[in-house]
Structures are given as C-alpha cells and as structure tokens.
Amino acid sequence: MSDVTAIYYFRPRADTSPEQAAQAICEEETTGTWTDISTTTEYVRRLDGAVESVEPKGQGYLTKITYPAEIFEPGNVPQYLSVVAGNLFGLGRVEAVRLLDVEFPRELVTFSGPKFGIDGVRRLVGSQNRPHVGTIIKPKVGLNPTDTAEVAYQAAIGGVDLIKDDETLTDQQFCPLFERLPAVMARLDQAKTETGRNVLYAVNVTTRADKILERAEHALELGANMLMVDVISAGFSAVQALAEDPSIKVPIHVHRTMHAAMTRNPEHGIAMRTFAKLVRMLGGDQLHTGSVSGKMSHDAEELLGDNRALTDQCYGLKSTFPVSSGGLHPGKVQTELRVLGTDLILQAGGGIHGHPDGTAAGARAMRQAVDAFMEGIPTVEYAKDHYELDRALKKWGTS
Ligand SMILES: O=C(O)[C@H](O)COP(=O)(O)O
Ligand SMILES: [Mg+2]
C-alpha cells in the first residue's frame, strides 16, 4: 500500500529547529511520543512516518510528511483525521501549524463518492453547461412553513435551480421540518406545472447522530428531492451515513458552518482542501467552498484549488458541485464565474430576497446576470434591456 502524504505549514517554537518540529509532528502521529519509550519493538518501526522535506515559507516552513497506509483503518474517516489532523495542533514545539493538503492512496478511498455529482444534478435540473443559481430562504429563521413555501415558490418562478434551508434552520417549533417540507414541495410542484422547471429543495436534516437517518428517510417519504447536512457540526460520518444509505436516492447538499474556526487562520488549523476531499469521498453531491467576492474572507488561489479537488479526477469518483455562497448578488456574478468557472452553483440569499421588487425579481436578476456572462456581455450592458438586473445593479452595484 502507498503512503498517505500530508503537507503542513508550521512555525516552530523559538528553541526548536524546523527539522525537530517537523519530526515531532511526524512522531506524535505515528509511533512516537515526547520521550524515548521501552515498548517500541523492531516490528513497530516499519510504521514510523517520514519527514520528506522541510523548506522555508513566509514566516515559517512547509513540510511534507508521509504516513504508512497501514496505520490507517480503511473506511474510518474519524481515524484518518486523528492521524493527519490530530494531536499535532496542540504540540508545544510548534507555535502554529496548518494542514494544507493530504493525498490518500486508492486503498484508503474505500468510498463510492457522490451518487449524482455535477452531471447527475444537472440532469435533474435539465441544464447543460451553465452555472446553477440557488437561494437560501431568508430570513434564516422565523418564517412559518406557509411563508417559507411562498418564498420558495417566488424564487422558483423567478428561475432558481436550487432552494435551501439556512444552516440554523432545522426542526424548530416556529417552522417544523415535517410541515415545512411538504409545504415547500407543494409550491415547487405548482411552479413546475407553471414553468416546466424542476427545482431542488435542500431540506436541512442536520441533527444528532442517532436521529439523522430516521429524519432523512422521513423527509424522503414526504417527497424531499435533496437533503442538506452541515458537515463540520454534524460530522463527516453524518455525510457518509446519508450517502451510503441505499434508500437515499436524492443528492446531498453539504454546508460547512463552523469551518472557519479551522480554515480561516493562514498559519494554524486545517485548510478547506482536506475537508473538500473528504466530503467528495464520502458522497457529498454539492459543497460550499466559498466565493471570491462575497461576504466571507477568502484566498482566490486556495479556493480554486479547493474547487479543483472536487472536480479533478479522483479514483473514478464522480465530481462534487462547488457552491459559491455568502454575500453574493447579481453584480458579483461575473467576477465569480470569471475566476471559478461555470461548473459552479451561485447561491444568493440577501442578493435575491433583498431585490427592490421582491424574491421572484431577485431570482430573475441573478439568472440574467448568469445569461450575460454566458453570452459574453458585460453585466452593465446586459442590464440596459433587462429590467430586474438593472434594478439589482442600482441597489448593489457591480463590486
Ligand atoms: O448559508 C449561506 O450560504 C448564507 O446563508 C448565504 O446568505 P447570503 O447570500 O444572504 O449572504
Ligand atoms: Mg447561511
């Protein structure tokens, strides 16, 4: 079996050399600990990791560490994480350390990946190459099921491909999930009758481990055509449980609330790349990876690499649809698509429901901005004979 390769950025403590710090990480995550031990037998030594390189980078260093595949339990992602992203973050000999990327050998990718992937989701929606437009129902909490369904209907007739719950909406009393879901699906059926378009609704089934499958299966009985789960707060096993359940025959939309506690600091934590690779392996059909121009901070180069990790060849797994979301509006569409390409879902909450003429007009404006890009026409130019887009640009501008 080939090794697992992990790349880390780190800054050693003042009294520790970069080589000693990298070695400390490697030993902690394989066969060693803080001191020599008498229990290490000869046959254990073949499970030692190796520091392959240490080189200066910015204020610190980059290191490439290989871990023998044998120390991983195939198929157990919590265990994978406990090696490549485990105790090392707390080691006193490093001031800061960030896991930048990881490569798993074929033998450890024992998962089937997304059931639908980009092509499968496109088939459900009936799109060819264009980016998808999605919306998050806003306000994120507070609306009752009937009003939630009305907002969903307005977005659907305006032209969105995807509607989703926000991350803090699950099954609260003001909007019970099993009342909200049939209400939304009924209005999406109405929109389909009127427009002929199939719109997906990612209903948020995130909950405690022992209840999530039951919740998802009940959602399917009530007609759900997509499920949403929050991967960091619910855990990677939640994505896997949903994706591997044979009765779940709808795509899985993966949100990443809480990720920035680990991904944001450029010197310490876990870069999104590892999470993206794991979500794809575990079967997420869509994953939020960030935007280049929205409300959340992001490094464009890193984001491009994260999206590529979802779409580049990976042991024959289907690709995961990257979702750009957070502070988007029609004026930002050209920038997002120019940098991130058209295999992308552009999601706007405020940028649709905040349109001066309401949700349906907001959805139309987003679709018009996408059409402008696809036709190679600057947004401002296209807005001259597209009223909803023009109104959106007057409110939010183009940056
Ligand atoms: O969950 C999300 O992606 C956010 O709710 C986006 O909302 P916004 O478009 O209003 O920023
Ligand atoms: Mg949100």
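Along the sequence shown, residues are numbered consecutively beginning with 1. Atoms within a ligand are numbered from 1 in the order they appear, just like the ligands themselves.
- Under the 3.5 Å distance criterion, with hydrogens and angles disregarded, a donor-acceptor pair is assigned to the side chains of Glu73 and Asn76.
- Judged by distance alone, the side chains of Gln190 and Glu194 do bring a donor and an acceptor atom under 3.5 Å apart.
- Shown in contact with Glu167 at under 4.0 Å from a heavy atom are these atoms of ligand 1, numbered in order with element: 1 (O).
- Taking Ile, Leu, Val, Met, Phe, Trp and Tyr as hydrophobic and joining them when side-chain heavy atoms fall under 4.5 Å apart, one finds Val141 in a cluster with Leu169, Phe174.
- Close approach of ligand 1 to Lys295 (heavy-atom distance below 4.0 Å) involves ligand atoms 7 (O), 8 (P), 11 (O).
- Which of Lys138, His288, Gln347 comes nearest to atom 4 (C) of ligand 1 through a heavy atom is settled by distance: it is Lys138.
- Under a 3.5 Å cut-off, the side chain of Asn225 and the backbone N or O of Val199 do form a donor-acceptor pair.
- Of all atoms in ligand 1, listed by their number and element, those nearer than 4.0 Å to a heavy atom of Asp166 are 1 (O), 5 (O).
- In terms of protein heavy-atom proximity, atom 9 (O) of ligand 1 is closest to Gly349 N, 2.7 Å.
- Of all N, O or S atoms in Asp166, the one lying closest to the Mg ion (ligand 2) is OD1.
- Note on Glu167: its N/O/S atom closest to the Mg ion (ligand 2) is OE1.
- For ligand 1, the atoms lying closer than 4.0 Å to a non-hydrogen atom of Gly326 are 6 (C), 11 (O).
- In this structure, Met374 and Leu337 have side chains that are not in contact, with every pair of non-hydrogen atoms separated by 4.5 Å or more.
- Leu100 and Val279 fall into different hydrophobic clusters, where Ile, Leu, Val, Met, Phe, Trp and Tyr side chains are chained together by heavy-atom contacts under 4.5 Å.
- Gly350 N, 2.8 Å is the protein heavy atom nearest to atom 10 (O) of ligand 1.
- Looking from atom 2 (C) of ligand 1 to the surrounding protein, the closest heavy atom is Ser325 OG, 3.6 Å.
- Taking distance alone, with nitrogen or oxygen atoms compared against 3.5 Å, Gly351 stays at or beyond that limit from ligand 1.
- Interface of Lys164 with ligand 1, defined as ligand atoms under 4.0 Å from a residue heavy atom, comprises 1 (O).
- At the top of the distance list for atom 6 (C) of ligand 1, counting protein heavy atoms only, stands Ile136 CD1, 3.5 Å.
- Those atoms of ligand 1 that come under 4.0 Å of a heavy atom in His255, given as number and element, are 1 (O), 2 (C).
- For the pair Phe104/Val77, no side-chain contact is recorded, criterion being any heavy-atom separation below 4.5 Å from C-beta on.
- The side-chain hydrogen bond (donor to acceptor under 3.5 Å, both in side chains) test with Asp161 is passed by exactly one of Arg122, His132, Arg130: Arg130.
- When each atom of ligand 1 is checked for a heavy atom of Ala348 under 4.0 Å away, the hits are 9 (O).
- When the salt bridge (Lys or Arg N to Asp or Glu O under 4.0 Å) test is applied to Glu381, the partners found at least two apart in sequence or on another chain are Lys384.
- At a threshold of 4.5 Å between non-hydrogen side-chain atoms, the residues Leu213 and Asp245 count as touching.
- The shortest contact between atom 11 (O) of ligand 1 and any protein heavy atom is with Gly327 N, 2.7 Å.
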